[in-house]
Amino acid sequence: MNIMMDTMTIWVFVLFILINSVKITLFNQYVLDNWKPENVIYKFLHTITVMGSVYILLGNYFPNLLIPFYILQLAYLGIYASYYSFYHYYLQILEGLRLFRESFDVFSRNSTPKNSRLLFLGIDIPFFIIMFLRLHGRDTSRINDVQTLILTCLLSVLLLESYNLFKGRSLIKLLNTYPESEKTVIENYGTLANAGVNLIKFHQYEEFMKAYDYGNVQSIKSKGYRRPNILIIQLESVDSHAVEHTHDGKLVMPYMNALKNNAICFPYTLNYHKAGGTSDAEFSILNSVEPLGNFPSIMIPSYEFKNSFVKILGEAGYETAVYHGNHGDYYHRDKAFAKMGFGKFFDLENMGINEVGWGAPDHEVFDFVLENMKKQTQPSFNYVITMTNHCRFTNARKYHNDPRFDDIRHTDYRNYLNSLSYVDKATKAFVESVQQQDKDACIIMVGDHTPGLDKKVYQESSLKSEGRHLEFVPLFLLAPGHHAYLESEKAASFLDIAPTVLQLANIDTLYNTYGQGLLTPEDLKEKIPYRDFMFDRKTIYGEINKSIP
C-alpha cells in the first residue's frame with residue numbers, strides 16, 4: 001500500500017504508530033494496575049488497530065490535523081493519568097465538566113502533584129516530530145482503496161469483540177452490569193469508552209444517589225444533659241505518617257505527635273478521597289456515608305444531604321457554622337453546606353481575609369473563628385477546613401520558613417515539611433486559645449487525605465488491600481471528662497465521626513451509619529465499608545502499621 005512519498009517516511013510513520021500504541025497500552029495498564037501478559041497483548045492489538053487507522057487517515061487526508069490531534073491525545077493521557085495517580089479513581093466526562101473551574105485553578109496555580117512515573121507519556125514525542133517534519137510540505141499519495149482499510153479495521157474489531165464474547169465480557173453484557181463492570185470496560189475498550197458508558201448510564205442525578213448506602217439505624221443515647229461546644233478542624237494534606245515524621249532526628253509536628261498521649265488518638269483513620277477530592281472529606285464526615293467514585297458528591301444539585309448530623313445538632317439548639325479559606329462556590333460548598341443544615345458559611349470573601357498564595361492563611365482563618373465563637377450562642381458547632389497545606393505546599397513559604405529543612409534538595413518535599421511545621425504551630429496556637437476561651441469545648445482534629453508526594457522522598461500512609469487503594473490520616477479527640485487513649489490495634493474511619501459528635505452533644509436520636517462512636521474505643525467492632533468491600537479494623541490497622549517505616 002503506497003501510503004507516503006518514500007520508504008523512509010513509511011517506516012517513520014509505522015514506527016510512530018507502534019510506539020504511540022505502546023504508550024497508550026502502558027497508560028491503560030497503569031490505570032488498571034493489571035500487567036498480565038494476555039491483557040497487555042490484547043490491549044496493544046486493540047490500540048494499534050484503532051490508532052493505526054486514525055493516523056493513517058489523518059496522514060493521508062487531513063495532515064494539518066495531526067498536531068492538534070496528537071496534542072489533544074497527549075493532554076488527555078496526561079490529565080487522566082495525573083488524576084488517577086492522586087485519586088486512584090477513573091476520570092469521567094461529567095465530573096471533568098463540573099470541575100472545569102476547580103481543575104483550571106489547580107493547574108494555573110501549579111498545585112498538581114508531580115509523578116515521575118508518568119514520564120513514559122512522552123516516549124513517542126521525538127518520533128512524532130520526525131514523522132511530521134517528513135510529511136510537512138510534501139505531496140502525499142493517498143490510499144487507493146479506502147474501502148479495503150475500512151474493511152480491515154472492521155474485521156479487526158469484529159475479531160476482538162468475538163474474543164470478548166468468548167470470554168463472556170462483551171460490551172452489551174458489561175453495560176447491563178455497569179458500574180460494577182467499569183474496570184472490565186476499561187480493560188476491553190479503554191478509558192474513553194468507559195467515559196462514554198458512564199455518561200450514558202448516569203445522565204440523571206437520581207442514578208448517582210442510588211449508590212449511597214447509609215448503613216444501619218443506630219440508637220444514640222444521651223449520657224448527660226450538658227451540651228458542650230464542639231469544634232472540628234479538617235487538616236489539609238496531613239496523613240498519618242506526617243505526625244510521626246522526623247528530620248535530622250527531630251519531629252516535624254511535635255504538637256500533633258504529643259497529642260497521642262494527651263487525647264483520644266486514632267493514628268490510622270481510613271479516609272474517603274474520591275471524585276470530590278478534598279470535599280469528599282467533609283462530605284463523608286458530615287453525612288457519615290461513603291462518597292461516590294464517579295462524581296463529586298457535594299455537587300449533586302438535587303441532593304438534600306438527608307443524613308447530615310448538622311441538621312440534628314441544629315434541631316437540638318446548636319448554632320452551627322463552617323469556615324473555609326477559599327472561594328465559597330468552589331465545589332459548590334456555598335450551596336451544599338446550607339443544605340446540610342449549617343446556619344452560616346464563612347469563605348474567603350465574607351471572612352474579609354486577603355488571599356495569600358492560594359486561599360487564606362490558616363492562622364488568619366483561625367483568628368476569625370475565635371472571634372466568631374465569642375459571638376455565638378451556646379451551644380455551638382464549628383467546622384474549620386484549612387487551606388495552607390495544599391499541594392504543592394508553597395503557600396506557607398509566604399509567611400513561614402522553618403530553617404530546619406533548608407538542606408533538603410527535593411523542592412516539594414522541603415516545602416511539605418515546612419508547611420507541616422507551620423500547620424503544627426498554627427493549630428497548636430488555635431486549639432490552646434479555644435481551650436482558654438472554653439475549657440469544656442470538645443475538639444476533633446483530623447487530616448483529609450495524603451499529600452501525593454513522590455514515594456521516593458516521602459512514604460505516604462496508604463496501601464493496596466483487596467484491590468483497593470486505602471489512605472490513612474490521624475484523628476485526635478480532645479474531650480474533657482474522657483481519658484487520653486492511644487488506639488494501637490484498630491483503624492477508625494470518617495464514618496465514625498458523626499456518631500461521635502452526636503454522643504458528645506448528648507442527643508438521643510436514631511442515625512443511619514456504618515460508623516461507631518469513638519468515645520469508647522474498646523467497643524469498636526463493626527467493619528469499615530470501602531468500594532463494595534467491608535474491611536476489618538484490626539486487619540487494615542496491622543497492614544498500614546507494617547508498611548510505614
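- Between the side chains of S297 and Y212, a donor-acceptor pair is found at a separation under 3.5 Å.
- Open room surrounds CG on D532; 12 or fewer heavy atoms of other groups in view lie less than 6.0 Å from it.
- One finds the CZ atom of F476 at 11.5 Å from the CD1 atom of I233 (value rounded to the nearest 0.5 Å).
- Of all heavy-atom pairs spanning E187 and L32, the tightest one is CG-CD1, 3.5 Å.
- Closest of all the heavy-atom pairs between F393 and D412 is CD1-O, 4.0 Å.
- Checked options Y458, Y422, F405; the residue passing with Y416 is Y458 (criterion: ring pair (Phe, Tyr, Trp, His ring centres under 6.0 Å)).
- Side-chain atoms of S465 and E543 form a donor-acceptor pair, as typed in the model, at a separation below 3.5 Å.
- For A81 against L118, the heavy-atom pair with the smallest separation is CB-CD2, 3.7 Å.
- Under the 3.5 Å distance criterion, with hydrogens and angles disregarded, no donor-acceptor pair is assigned to the side chains of N39 and Q29.
- N326 places no side-chain N or O within donor-acceptor distance of the main-chain N or O of G359, the cut-off being under 3.5 Å.
- For the pair P529 and Y272, the minimum side-chain heavy-atom distance is below 4.5 Å.
- Remark: K455 fails to qualify as a cation-pi partner of Y413 under the 6.0 Å distance and 45° angle criteria applied to the six-membered ring.
- Side-chain contact between F44 and L18: present, with at least one pair of heavy atoms (C-beta onward) separated by less than 4.5 Å.
- The two atoms that bring A396 and N418 nearest to each other are CB-ND2, 4.0 Å, heavy atoms only.
- Using a 3.5 Å distance cut-off with no hydrogens or angles, the side chains of D362 and T388 do pair a donor with an acceptor.
- In summary, the side chains of H449 and D280 do not present any donor paired with an acceptor at a separation below 3.5 Å, with no hydrogens or angles considered.
- No donor-acceptor distance shorter than 3.5 angstrom exists from the side chain of N287 to the backbone of V289, with no hydrogens or angles considered.
- Taking every heavy atom of both residues into account, P474 and T269 meet most closely at C-OG1, 4.3 Å.
- Without hydrogens or angle criteria, S82 side chain to I79 main chain gives no donor-acceptor distance under 3.5 Å.
- Looking at R537, its side chain never comes within 3.5 Å of a backbone N or O of K527 through a donor-acceptor pair.
- The side chain to side chain donor-acceptor pair (under 3.5 Å) search around Y189 returns E161, N164, not counting sequence neighbours.
- Among the candidates I19, N20, L26, the single residue satisfying the side-chain contact (heavy atoms from CB on, under 4.5 Å) test with K23 is N20.
- A donor-acceptor contact shorter than 3.5 Å links the side chain of H241 to the backbone of Q459.
- With respect to the salt-bridge test (charged N to carboxylate O, under 4.0 angstrom), the residues D248 and K250 do not qualify.
- Judged purely by atom type and a 3.5 angstrom limit, N415 has no side-chain atom pairing as donor or acceptor with the backbone of T394.
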Kindly indicate, with the supporting measurements, whether the criterion side-chain hydrogen bond (donor to acceptor under 3.5 Å, both in side chains) is fulfilled by H247 and D407. CA-CA 10 Å; H247 179 66; D407 61 327; 3.1 Å; yes

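- Proximity of the aromatic rings of F535 and F533 is defined here by a centroid distance below 6.0 angstrom, and this criterion is met.
- Judged purely by atom type and a 3.5 angstrom limit, E460 uses its side chain to pair as donor or acceptor with the backbone of G452.
- Dense packing is recorded around NZ of K464, with more than 12 heavy atoms of other residues, nucleotides or ligands lying under 6.0 Å away.
- Between A491 and F472, the closest heavy-atom pair is CB-CE2, 4.4 Å.
- Note that the CG atom of N188 and the NZ atom of K183 stand 12.5 Å from one another [nearest 0.5 Å].
- Between Y55 and F13, the distance separating the two ring centers is not shorter than 6.0 angstrom.
- Looking only at side-chain heavy atoms (C-beta outward), F128 and I67 come within less than 4.5 Å of each other.
- For the 3.5 Å distance criterion, the side chains of S462 and E471 fail to qualify, holding no donor opposite an acceptor.
- Relative ring orientation between Y399 and H363 is described as perpendicular, the plane-to-plane angle rising above 60° on a 0-90° scale split at 30° and 60°.
- We find the CH2-CG distance between W358 and N395 to be 8.5 Å, quoted to the nearest 0.5 Å.
- Using cut-offs of 30° and 60° for the angle between ring planes, the Y80 and Y76 rings count as tilted.
- Side-chain atoms of S237 and T450, non-hydrogen and from C-beta on, never get closer than 4.5 Å to each other.
- Salt bridge annotation for E244-K260: present, with a cationic side-chain nitrogen under 4.0 angstrom from a carboxylate oxygen.
- Residues I540 and Y268 are not in side-chain contact: their nearest non-hydrogen atoms beyond the backbone lie 4.5 Å or more apart.
- For the pair N389/L235, no side-chain contact is recorded, criterion being any heavy-atom separation below 4.5 Å from C-beta on.
- Atoms CZ and CZ, on R414 and R397 in that order, are 6.0 Å from each other to the nearest 0.5 Å.
- Here the straight-line distance linking atom CE of M256 with atom CG of L420 works out to 9.5 Å at 0.5 Å rounding.
- Using a cutoff of 4.0 Å between basic side-chain nitrogens and carboxylate oxygens, R531 and E466 are not scored as salt-bridged.
- Side chains of D406 and P403 form a contact here, defined as non-hydrogen atoms less than 4.5 Å apart.
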Quick one: do S421 and D402 satisfy side-chain hydrogen bond (donor to acceptor under 3.5 Å, both in side chains)? Show the steps, please. CA-CA 7 Å; S421 170; D402 193 326; 2.8 Å; yes

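- Under the side-chain contact (heavy atoms from CB on, under 4.5 Å) rule, T25 has a single partner from T47, I48, I41, which is T47.
- Between atom CD of residue E282 and atom CG of residue D448 there is a gap of 8.0 Å, rounded to the nearest 0.5 Å.
- Counting heavy atoms from C-beta on, the side chains of V473 and V238 never come closer than 4.5 Å.
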